[in-house]
Amino acid sequence: MARKGKQANISSVFERIRYETPAPHVARVTLARAEQRNAQDRKMLYELDRAFRIAVADDDVKVIIIAADGPHFSSGHDLNDRADLNEFDTVSLWGGFDEEGQAGMMNGEEEIYLGFCWRWRNLPKPTIAQVQGKVIAGGLMLVWPFDIVVASDDATFSDPVVAFGVNGHEFFTHAWELGARKAKEMLFTGAAFTAEECHRMGMVNMVVPRAQLESATLELAQRIARRPMVGLRLAKMAVNQSLDAQGQWTAIQAAFSLHHVGHANARAKYGYPVEPSGAELIRNEAKGRKA
Ligand code: ZN
């Protein structure tokens with residue numbers, strides 16, 4: 001028997017997100033931390049994972065949208081978040097979050113960054129990211145794991161964290177999303193690519209005016225939802241398996257290891273897991289300065 005989500009009761013359990021079913025067979029999970037430009041703290045990530053589990057378990061839901069309140073989709077990880085991972089209902093079998101040296105941090109990023117992104121990439125239902133405004137670094141980790149990207153014409157995408165002495169954010173699918181040359185340009189320069197550029201590169205499926213972002217995404221979701229769940233699931237698996245056959249998972253894991261070489265190098269040099277000058281460089285370039 002189909003399990004039906006009890007929508008009225010669901011949203012009340014969340015503080016960082018909302019869970020809604022805006023149309024038949026469509027669930028929408030919305031980042032609801034606009035004042036902080038939807039910076040992702042650990043609580044938000046665990047709430048997202050819980051929401052996706054609810055949507056997957058509800059046989060009435062066929063398509064899942066991830067959206068965001070406010071002018072910007074997500075500014076990335078909340079670097080002020082100090083929440084203890086041991087307090088959460090963790091989803092991987094990693095543990096060791098308090099280990100000394102680089103190990104504790106690597107274990108934590110395996111759980112909440114690489115681990116979550118890979119789980120969400122493999123959600124057994126079609127997913128759509130509905131994106132506006134700025135998407136920075138970890139913000140891409142709430143876009144790239146999802147199947148289809150609908151962006152408003154004001155959306156921009158960047159991963160400037162090479163300035164921190166690491167290779168890029170923790171879910172390293174850059175070369176698949178942008179092609180190798182543009183991936184290198186994004187990483188080497190820290191520049192923000194527009195929605196239109198990303199559409200040309202195939203990273204974004206469609207670009208719409210800001211005012212139509214929600215309705216266009218919902219319309220697309222409803223079109224998808226007219227198809228049988230089994231066909232949708234098999235189609236998604238077949239495409240993902242094509243990426244797997246290209247070695248995507250192996251490449252992502254290798255890049256994650258290099259990411260922690262970067263963190264460990266900064267930790268050895270500065271006693272801090274990123275290059276201390278990185279934040280200023282990123283801030284200055286965002287303001288249009290070359291200093
Ligand atoms: Zn990291």
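Start at 1 and go down the list; that is how both ligands and their atoms are numbered.
Applying the salt bridge (charged side-chain N to carboxylate O under 4.0 Å, His left out) test to every pair with at least one member in residues 194-219, sequence neighbours left out, gives these pairs: R28-E214.
Counting non-hydrogen atoms of other residues, nucleotides and ligands closer than 6.0 Å to CG of D89 gives a total of 12 or fewer.
The only member of R37, Q40, Q36, R33 that meets side-chain hydrogen bond (donor to acceptor under 3.5 Å, both in side chains) when paired with S74 is Q40.
Within the protein, the N, O or S atoms sitting under 2.8 Å from the Zn ion (ligand 1) are E109 OE1, E109 OE2, E170 OE2, H259 NE2, H263 NE2.
Checked for salt-bridge contact, D154 and K134 miss the test: no charged N lies under 4.0 Å from a carboxylate O. With respect to the salt-bridge test (charged N to carboxylate O, under 4.0 angstrom), the residues R42 and D84 do not qualify.
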Item to complete: Take H72 and Q132, measure what side chain to side chain donor-acceptor pair (under 3.5 Å) needs, and give me the verdict at the end.
Response: CA-CA 6 Å; H72 301 294; Q132 79 279 10; over 6 Å; no
